[in-house]
Amino acid sequence: MNYKNEKILTKIIRYSLPLLTIILSLVITLLLYLENKRTYEKEKNILNRTYIKKNKKLIQEEVHRIYNYITHMQKSTEKELKESIKSRVYEAHAVATNLYNKYKDEKSKDEIFEIIKETLGSMVFNNGRGYYFIDDKTGTKKLQSLNKQYEGKNLSNFEDAKGYKFVKTIIKTINEKSERFDTYYWYKPNDKKPYKKISFYKYFEPYDVVIGSGEYISNFEKEVKKRVLEYVNLVRYSDFGYIFIIDYDFNYLSHIRKDNIGENVLNIEDGKNIHRVLKDMKIIAQNGEGYYSYIQYKKPKTNLPTRKISFVKGLNDWNWMIGTGFYEDDIEQSLMKKEEELNEKFFSYITNVIVVSSALSLLFLVISIYISKLLEDKFKSYKKEIENQQNILAQQSKMASMGEMIANIAHQWRQPLSIISTAATGISFQKELDNLTDKEFYEATAKINESAQYLSKTIDDFKNFFSPTKTEVDSNIKELFNKTFKLLEAQFKTKSIYIIQDIEDINFKTLENEFLQVLINILNNARDELIKYEYERYIFINAKKVEENLKIEIYDNAGGINDKFISKVFEPYFSTKDKSIGTGIGLYMSHEIISKHLHGTLMAENIEYEYKNEMCKGAKFTILIPIY
């Protein structure tokens with residue numbers, strides 16, 4: 001750990017706890033304030049959601065209640081209408097039966113039938129709308145008092161406005177000698193629009209015909225609608241709730257403002273979006289029912305624009321929109337009351353917090369100062385222990401390297417010592433024989449001196465490597481590798497290991513001996529793996545500048561590191577070698593030197609590559625250090 005980081009960590013330990021205590025007191029006060037605001041907002045949202053949910057349910061229920069009332073009235077009207085028509089037909093049937101029985105012994109059947117037709121044809125009811133008709137089983141119209149042009153015509157294939165052949169149903173009733181209701185769509189006089197009509201047919205046996213009558217439902221609905229609207233205009237719920245009814249042409253049929261009834265909404269509402277609102281509500285109504293939120297231009301009682309949520313349901317038979325709604329601003333009173341309650345609680349909390357937090361802050365401050373002092377002392381003790389362990393590991397790594405260096409010295413001294421011995425023995429022997437010439441003497445002494453100089457140079461190289469300097473110096477990566485190769489040359493040559501270089505000429509500042517130690521450790525590890533195999537052994541070295549960094553790649557063809565171990569190669573005392581030749585601290589110290597002393601990175605991975613048309617696999621170590 002560098003000195004700057006140590007000072008920062010020491011200050012953090014010394015001041016963090018007291019500062020944290022002060023900050024904690026302020027944070028608690030702030031959190032209580034925020035909690036109060038959050039509680040208010042939460043309560044506000046709950047109240048708002050509850051209010052909206054409750055009122056949505058209420059307006060839906062009110063609309064459904066009115067809708068059910070109207071549909072009940074519709075069904076009752078249709079039932080009442082059917083009973084009325086049936087009663088009229090039964091009455092006509094009784095009249096015809098009585099006439100037939102009265103004249104059957106006096107007149108012919110045709111004469112009696114004419115009397116029946118004349119009598120029933122003159123009977124008009126329901127304000128002139130109701131009449132009787134008679135049809136035979138061929139579909140021929142025998143009586144049609146309001147449409148004389150149809151009398152005597154065969155209408156068996158006659159169709160209503162929707163293609164229904166209702167005369168076929170009449171013929172069926174005659175054939176079955178029964179009675180039945182029938183519904184079809186027909187045209188009113190002077191009106192091209194078809195209307196729903198209910199008829200009742202009853203079989204009249206003496207002439208094998210049916211007597212019938214019918215009525216348009218719409219004629220009865222007018223009265224029903226009038227009664228419904230009178231009732232709806234009286235409906236109120238809650239404080240100001242009311243039901244509005246608008247037809248699909250946007251005319252008010254029911255509203256709390258009496259002067260609006262009968263007027264078109266577009267003519268009396270001044271809101272900019274009223275047409276869009278009405279169009280959207282109409283679509284909802286035509287498709288069934290639903291909620292709709294919008295701005296109502298004038299709220300009753302205030303005449304101010306106010307957001308409103310309405311529920312509308314369509315009564316498509318009558319082209320009505322039935323709806324009601326509520327105004328969202330009605331909840332503001334409840335929210336203001338809740339806010340006052342929460343503010344009172346908050347000021348009480350704040351008073352208590354200031355008192356308690358002041359006392360706690362003082363207590364925590366004293367305790368934190370004491371604890372921070374203990375932690376600082378512990379940290380210094382731990383730091384010293386870590387440094388001692390790092391020094392021990394570094395020394396172990398140096399000793400391991402020294403052992404290998406001694407072996408290298410032995411290899412490199414063997415040849416020059418042999419030359420010295422041979423030269424000395426040769427001139428001594430020739431002297432004894434008295435045939436030593438000056439030339440031979442000087443050549444031999446020159447060889448001895450050259451070999452001695454080589455031995456001295458070797459000692460200087462190894463001495464420099466073990467020098468304990470910790471000062472960064474100007475270095476050149478090519479020269480550093482050349483120094484490394486000199487230290488390892490002997491063993492690599494004897495092991496037939498070839499080094500393939502691609503090293504750029506790059507200058508930089510570094511801790512030279514420590515950097516050499518890293519290179520030696522990596523190359524020695526490659527050597528130890530390569531000597532296990534008998535094929536050609538290669539170590540590839542690439543060094544180049546990448547942006548503001550020196551990037552070095554060293555890889556071999558020794559088969560790589562087992563995948564389950566590759567993540568552990570930089571751990572202390574981890575080694576894949578036999579304990580007799582591997583300590584497990586070389587790569588660990590290399591990683592420590594690169595990351596902590598040289599401020600770079602050291603990574604290991606397995607790679608596959610092609611060399612001399614052969615696929616190779618090996619371990620690759622990548623060093624990346626900043627250049628400055």
Side-chain angles (χ1 to χ4, degrees), residues 59-60 62-78 161 185 187-188 190-196 216-237 240-327:
I59 63 176
Q60 183 186 44
E62 289 298 321
V63 169
H64 281 171
R65 187 171 65 82
I66 295 300
Y67 178 83
N68 292 336
Y69 164 74
I70 295 174
T71 54
H72 171 73
M73 292 295 289
Q74 284 180 321
K75 290 177 182 177
S76 298
T77 301
E78 188 168 319
Y185 291 82
Y187 305 92
K188 294 181 182 180
N190 302 318
D191 194 339
K192 294 182 179 181
K193 180 182 176 182
Y195 293 89
K196 185 178 180 181
Y216 292 101
I217 293 177
S218 59
N219 292 331
F220 280 89
E221 284 180 345
K222 288 180 182 178
E223 290 297 324
V224 174
K225 287 178 182 178
K226 184 179 178 181
R227 293 199 302 270
V228 166
L229 293 174
E230 287 174 353
Y231 169 74
V232 172
N233 277 322
L234 298 175
V235 171
R236 297 289 182 272
Y237 64 92
F240 305 108
Y242 64 94
I243 302 292
F244 64 81
I245 297 178
I246 304 172
D247 65 22
Y248 287 170
D249 293 324
F250 307 138
N251 296 305
Y252 273 127
L253 304 179
S254 176
H255 195 266
I256 192 171
R257 290 193 177 99
K258 302 297 183 185
D259 53 347
N260 284 353
I261 297 174
E263 297 291 334
N264 191 283
V265 183
L266 297 174
N267 295 332
I268 59 177
E269 294 286 353
D270 297 327
K272 295 180 180 178
N273 298 319
I274 187 62
H275 188 272
R276 178 181 59 80
V277 171
L278 290 170
K279 186 177 179 182
D280 291 345
M281 291 174 68
K282 179 180 177 180
I283 292 171
I284 294 171
Q286 288 176 328
N287 290 318
E289 63 183 33
Y291 294 97
Y292 188 72
S293 178
Y294 59 100
I295 302 294
Q296 179 153 318
Y297 182 64
K298 289 182 180 180
K299 176 184 176 182
K301 308 292 185 184
T302 66
N303 286 329
L304 295 175
T306 309
R307 178 163 289 280
K308 185 176 184 180
I309 296 176
S310 289
F311 181 84
V312 294
K313 186 174 180 63
L315 189 68
N316 291 327
D317 289 347
W318 289 358
N319 293 328
W320 282 7
M321 283 187 282
I322 307 166
T324 187
F326 63 92
Y327 299 93

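Only heavy atoms go into these numbers, but all of them, side chains included; no hydrogens, no water, no symmetry mates.
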Is NZ or CZ of Lys188 both nearer than 6.0 Å to the six-membered ring centre of Tyr216 and within 45° of the ring axis? yes
May I ask you to say whether Glu62 pairs ionically with Arg65, meaning some side-chain N is under 4.0 Å from a carboxylate O? yes
With no hydrogens and no angle check, just 3.5 Å: does a side-chain donor-acceptor pair link Tyr248 and Asn316? yes
If I compare all heavy atoms of Asn233 with all of His255, which pair ends up nearest, and what's the gap? OD1-N, 3.5 Å
Correct closest heavy-atom pair for Leu304 and Thr306 would be O-OG1, 3.0 Å
Stepwise side-chain hydrogen bond (donor to acceptor under 3.5 Å, both in side chains) check, Thr324 with Tyr242: CA-CA 6 Å; Thr324 187; Tyr242 64 94; over 6 Å; no
Would you please classify the geometry between the Tyr231 ring and the Tyr69 ring as parallel, tilted or perpendicular, with 30° and 60° separating the classes? tilted
Please check this pair: side chain of Asn287 against backbone of Ile283, looking for a donor-acceptor N/O pair closer than 3.5 Å. yes
Applying side-chain contact (heavy atoms from CB on, under 4.5 Å) to Ile284 and not counting sequence neighbours gives Tyr292, Val312
I'd like to know if the side chain of Asn251 and the backbone of Val265 have a donor-acceptor N/O pair within less than 3.5 Å. no
Check whether any side-chain heavy atom of Leu253 sits under 4.5 Å from a side-chain heavy atom of Ile246, and report yes or no. no
State, without any angle test, whether Asp247 and Asn319 hold a side-chain donor-acceptor pair at a distance under 3.5 Å. no
I'd like to know whether NZ of Lys279 has more than 12 heavy-atom contacts from other residues, nucleotides or ligands below 6.0 angstrom. no
Under the salt bridge (charged side-chain N to carboxylate O under 4.0 Å, His left out) definition, can you give me all pairs with a residue in residues 258-268, not counting sequence neighbours? none
Indicate the ring-plane relationship of Trp320 and Trp318, choosing parallel, tilted or perpendicular according to the 30° and 60° boundaries. perpendicular
